[in-house]
Amino acid sequence: MTIQPASTPDILDTGHGNGKNRVPSALLADLENALVSVDRVMAVRIVRDSCVTGSPFMCLETLIVPALEEVGRRWETGEVALSQVYMSGRICEEIVDTMLPAGDPRRVDQPKMAIVVLEDHHTLGKRIVLSVLRAGGYEVTDYGYGVSVDQLVDQVTRDNVIILLISTLMLPAAIRSKEAITRIRKILPGTKIIVGGAPFIFDPLLWKEVGADAMGHAASETLELVRRMAAEVQR
Amino acid sequence: MTGSMTSMQRTLGTMGFKEPDQVPLFLLFTMHGARELGLSIHDYFSKPEYIVEGQMRLLKKFQGDCVNPFTYAAIEIVAWGGEVIFREDGPPNAGKPIITKNADIETIEVPSVEASPSLLSGLHTIELLKKRVGTNVPIMGSVISPFSLPVLQMGFEAYIELMYGEPDLFWKLMKKNEQFCVAWANAQIEAGATAIGCADPLASPDMTPTDLYRKTGFIVAQRTIARIRGGVATHLASARTLSRIDDLAKTGTVGVGVSAFDEIGAVKRAINGRMVLIGNLNGIEMRRWTPEIAEQKVKEAIAKAGRGGGFILSDNHGEIPWQVSDSVLFAISAAAKKWGRYPLNWVPDEG
């Protein structure tokens, strides 16, 4: 079942170039194929058989996150569909929740993060990002959907959120994120804000216009952004 | 639009893959009529008479080639017992899902068009528009495809999980949705709609993988379109079409709405005379266009897709956002006239 490009090396270094975390590329391709085929049983088996030793974080970083990132990359190039991205995230989230339950002390040493659908009732984008971040080992507070600017500012201030992710599908809601971001910055100038959703993809200048720190084209890209921002704020 | 043909003749000409006098321009306004009448979006949508007056003023003002009785997608959800959430600066959203657990699919009843005030209001709008435009201007009816409606009925996430995990219930829901969609579409045709725009974003390869689509949405679309007593144009609502063109052509649809992310020339070649191409101006980006950029975008689209007919210039979503200014819309209309006059001698042969 494994489909590998001829040029793929037998061992992939997923340890950010330091060579510490190495996983057979065939294993990674197997997991990726199981995910896009929405084969939960196979995905669980692959992770279970290959993560018997080492910490759960090692398994996340070397196998699960790279597989999800590859699924995300293939969505951006049009090779897989959003329904497959969603199901991949859900499967990985379930797997990771059994390895690293929410509230596990090993998840605690992270900046406070939250995600919201602002003034909008389309939740798929948020759900995908949430799944991918949780599958990446992050604890993320879900503020839900249809949240007003006032509610969001209150929640972010109350929780002292350090990394905030704002998802929108409708253009008016995306434009309104500017007000939310402006008000949050006045109260919590250090908070990093990532926006995402269709309006930001169709208008590549919109994320700058609303004052965000970054935009996530895809959930896997958002995971990388969060990883980088988390490292910055923890420095 | 001004020219030697009526808007209807122009549209039928291009649908017959002949070059009419000029490229037809479908400016698919929903909310802008409220601004013309000085009403809130909520109030504007409350009376068919307002919508008709708004459409007629917009037709005259921007010289497009169709009128659009469509108000908002959630109007269908109201018929199914759901709610609508209005906002001041954009289209209303559907409220909470009407299917909250998969078992609801077994018991949910298909609404009757005749017993649904929201749909009857839509039919009355079409009847009034028909009286105003006669056979000179196409009236675009609208439905949501049975395959895509569950996004509003039960939420995107629950629907994806249903498709993958509960095929029997999926098909029960499709059967009910097909019954509703066919009745709603045919009622619009009987009221005077020239054709039906069928919003089917889940038919896009961006949303549903090919193998799953062919086993689900493709079959649903074929069955549904075959029972609608008028032409149906499928719109993927901004999602990409290119790799699904062959499948879409086999559904029986006569037109396809194309994404701004599709290379429009490649789509035109892929269509190869099987469907009319509708699109693909980027409605979201349109908000920040200058008149000069608008002209350039119109010119590019016509250059790549205009030759030989089979092309209607429009936005890529099927709705012009509320935030798009009149100056840009005037520029689009003027550019369509300037660059869209057939024959397109200014377009290089390789187009």
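Naming: A, B, ... by sequence-line order, numbering from 1 per chain. Since we're looking at a predicted model, the values are computed, not measured.
Taking a 6.0 Å sphere around OH of A/Tyr145, one finds it holds 12 or fewer heavy atoms contributed by other residues, nucleotides or ligands.
Residues B/Thr210 and B/Arg214 have side chains that never bring a donor and an acceptor to within less than 3.5 angstrom of each other. A donor and an acceptor atom, one from each side chain of B/Asp315 and B/His317, are nowhere located under 3.5 Å apart. For the residue pair B/Glu161 and A/Tyr86, a side-chain donor N or O sits within less than 3.5 Å of a side-chain acceptor on the partner.
We find the CZ-CE distance between A/Arg134 and A/Met113 to be 12.0 Å, quoted to the nearest 0.5 Å. Note that CG of B/Leu169 and CD1 of B/Ile99 are 9.5 Å apart. Values are rounded to the nearest 0.5 Å. We find the NZ-CZ distance between B/Lys304 and B/Arg269 to be 9.5 Å, quoted to the nearest 0.5 Å.
Residue contact with chain A, scored on non-hydrogen atoms closer than 4.5 Å, involves the side chain of B/Pro321 exclusively. Contacts of B/Asn316 with chain A are made by side-chain atoms alone, with heavy-atom separations under 4.5 Å and no backbone atom involved. If you measure heavy-atom distances from A/Ala174 to chain B, you find no contacts under 4.5 Å at all. For A/Leu206, the parts lying under 4.5 angstrom from a heavy atom of chain B are both the backbone and the side chain. Proximity to chain A is limited to the side chain of B/Gln323, based on heavy atoms less than 4.5 angstrom apart. Contacts between B/Asp89 and chain A at a heavy-atom distance below 4.5 Å involve backbone atoms as well as side-chain atoms. Only the side chain of A/Glu209 comes within less than 4.5 Å of a heavy atom in chain B; its backbone stays farther off.
For A/Phe202 and B/Phe261, the distance between ring centers is under 6.0 angstrom.
Using a 4.0 Å cut-off between charged side-chain N and carboxylate O, A/Glu32 and A/Arg73 make no salt bridge. In summary, A/Glu70 and A/Arg74 do not engage in a salt bridge, as defined by a charged side-chain N under 4.0 Å from a carboxylate O. Between A/Asp142 and A/Arg127, none of the side-chain N atoms (NZ, or NE/NH1/NH2) sits under 4.0 Å from a carboxylate O, so this pair counts as no salt bridge.
Heavy-atom neighbours of chain A within the stretch residues 238-251 of chain B, taken at a separation under 4.5 angstrom, comprise B/Ser238, B/Arg240. Interface with chain A: from residues 78-88 of chain B, residues B/Ile85, B/Arg87 qualify, criterion being any non-hydrogen pair under 4.5 Å.
Counting heavy-atom pairs under 4.5 Å between each of A/Val36, A/Leu205, A/Val85, A/Asp120 and chain B puts A/Leu205 at the top. The most heavy-atom pairs under 4.5 Å with chain B, out of A/Gly78, A/Ser83, A/Ala173, come from A/Ser83.
The nearest pair of heavy atoms linking B/Val258 to B/Asn280 is O-CB, 3.2 Å.
Proximity of a side-chain donor or acceptor of B/Asn68 to a complementary backbone N or O of B/Phe29 within less than 3.5 Å is detected. Although no hydrogens or angles enter the test, the distance criterion places a donor-acceptor pair under 3.5 Å between the side chain of B/Glu76 and the main chain of B/Ile144.
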